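First comes the structure, then the notes that go with it.
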Amino acid sequence: MKLFDVYPINPINIVKGVGSLVYDDKGQEYLDLYGGHAVISIGHTNPHYVKRLEDQLHQIGFYSNSIEIPLQKQLAEKLGHVSGKEDYQLFLCNSGAEANENALKLASFYNGKKKVIAFTGAFHGRTSLAVAVTDNPKIVAPVNETENAIFLPWKDEAALEKAFAENEISSVIIEGIQGVGGIQVAPESFLQKIRSLCDTHNAVFIADSVQCGYGRTGKFFSHDFAGINADIYTMAKGMGNGFPVGGIIISPKIQPAYGMLGTTFGGNHLACAAGLAVLEVIERDNLLQNAAEIGGYLIVELKKFEKVKEVRGRGLMIGIELPAELAHVKKDLLFKHHIFTGEAKPNVIRLLPALNLTKAHADRFLESFTKVLNQ
């Protein structure tokens, strides 16, 4: 048997990681500013994280949601405290796509409506309804197509008002900062308009925080910059620092019922141990502040490069848009300077490092970036 070949991969075998550094099977060191796609939130093999998981594994790794799992309640309490959403409710699952799938389903249960508003450039996942509200026809199979998804232009308040006037809207799903869409920051006034229209029409505001949440922008959720509360926040990626964990936190106005949502693996003992470790390190080491400070420093410095078309983002979620003639930069950073970064089409470099990235590592990137641009 061979692998199903769906991933374009780099010929690098990473076998070890410590903090923001990873090492291949030949001993070559790399600076990781990608975090495995925004997943590594507190650094590779963080000692507290490793101990939390190891200790839990020696006790019990898994049992289903048919029994009491006190770790789930501990995780909910800690998440409420660190995020500031203490009156919300937590449902645990396994991935970002699953989180968005459950959020969209729960919204429809809540108000009995079907139509979902999404936006150009959106990426919400690859499963069923999550991919149906993702703006990439290439990954939407015929079976995923639905008339219930309404795509509107990004940041267009007039189109938003028109859609609400003409349709029975169940929910609006929006990333506070589009990741795959190229690090496009949602204007605060646009998020406030969504909140207002959802209130008026009894629709559910779903804040997709899978990539732009969990402290990455300097606030726990990037939507918090708008001074509003969403009805449901979806989470994954940095939530488990590499262990598969996802979840949604749900406004108290939405009431649960037995059987409404469910999962086999979501909220298992190991997942909760990982989730608790991440929040404990974020809180202990003031990583929201670090993300804001180091990210702010990088953004200021990157804006000084004349060859860069635009720098977008907040905190440690940064997009560097380059002209077409600099399309080689990402590849050169990896193979000539041993720095992992992400990308967004057509020519945006994405920085999604661990939230405890140091200034020294930020400077190491800036030095290499300077050399690549000047070659």
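In this chain, residues are counted from 1 in sequence order. Since this is a predicted model, take the numbers as computed values, not measurements.
Judged by distance alone, with hydrogens and angles left aside, the side-chain atoms of Ser83 form a donor-acceptor pair with the main-chain N or O of Lys85 at under 3.5 Å.
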_Derivation and outcome, side-chain contact (heavy atoms from CB on, under 4.5 Å), residues Lys155 and Phe119_ = CA-CA 8 Å; Lys155 303 190 293 188; Phe119 299 95; over 6 Å; no
*List the steps, then state whether ring-ring contact (aromatic ring centres under 6.0 Å, His included) holds for Phe265 with Phe62.*
CA-CA 8 Å; Phe265 297 106; Phe62 173 82; 5.7 Å; yes
*In sequence, state the C-alpha distance, the side-chain angles, and the governing distance for Asp135 and Thr120, and then conclude on side chain to side chain donor-acceptor pair (under 3.5 Å).*
CA-CA 6 Å; Asp135 186 23; Thr120 54; 5.0 Å; no
*Go through the steps to decide whether Tyr214 and Lys237 satisfy the test side chain to side chain donor-acceptor pair (under 3.5 Å), and finish with yes or no.*
CA-CA 9 Å; Tyr214 246 76; Lys237 293 199 183 296; over 6 Å; no
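Ion pairing between a basic and an acidic side chain is recognised when a charged N comes within 4.0 Å of a carboxylate O; Glu321 and Arg312 show such pairing.
Judged as a side-chain hydrogen bond (donor to acceptor under 3.5 Å, both in side chains), the pairs with a partner in residues 353-363 (not counting sequence neighbours) are, in order, Tyr297-Asp363, Thr358-His361, Lys359-Asp363. For residues 262-281, the pairs satisfying salt bridge (Lys or Arg N to Asp or Glu O under 4.0 Å) are Arg52-Glu280, with sequence neighbours left out.
Closest heavy-atom contact between Arg364 and Tyr30: NH2-C, 4.4 Å. Of all the heavy atoms in Pro353 and Leu316, the pair that sits closest is CD-O, 3.6 Å.
Side-chain contact between His269 and Gln59 is absent, with no heavy atoms from C-beta onward closer than 4.5 Å.
Arg195 is linked by a side-chain hydrogen bond (donor to acceptor under 3.5 Å, both in side chains) to Asp199, Asp231, counting only residues two or more places apart in sequence or in another chain.
Centroid-to-centroid, the aromatic rings of Tyr49 and Phe243 stay 6.0 Å apart or farther.
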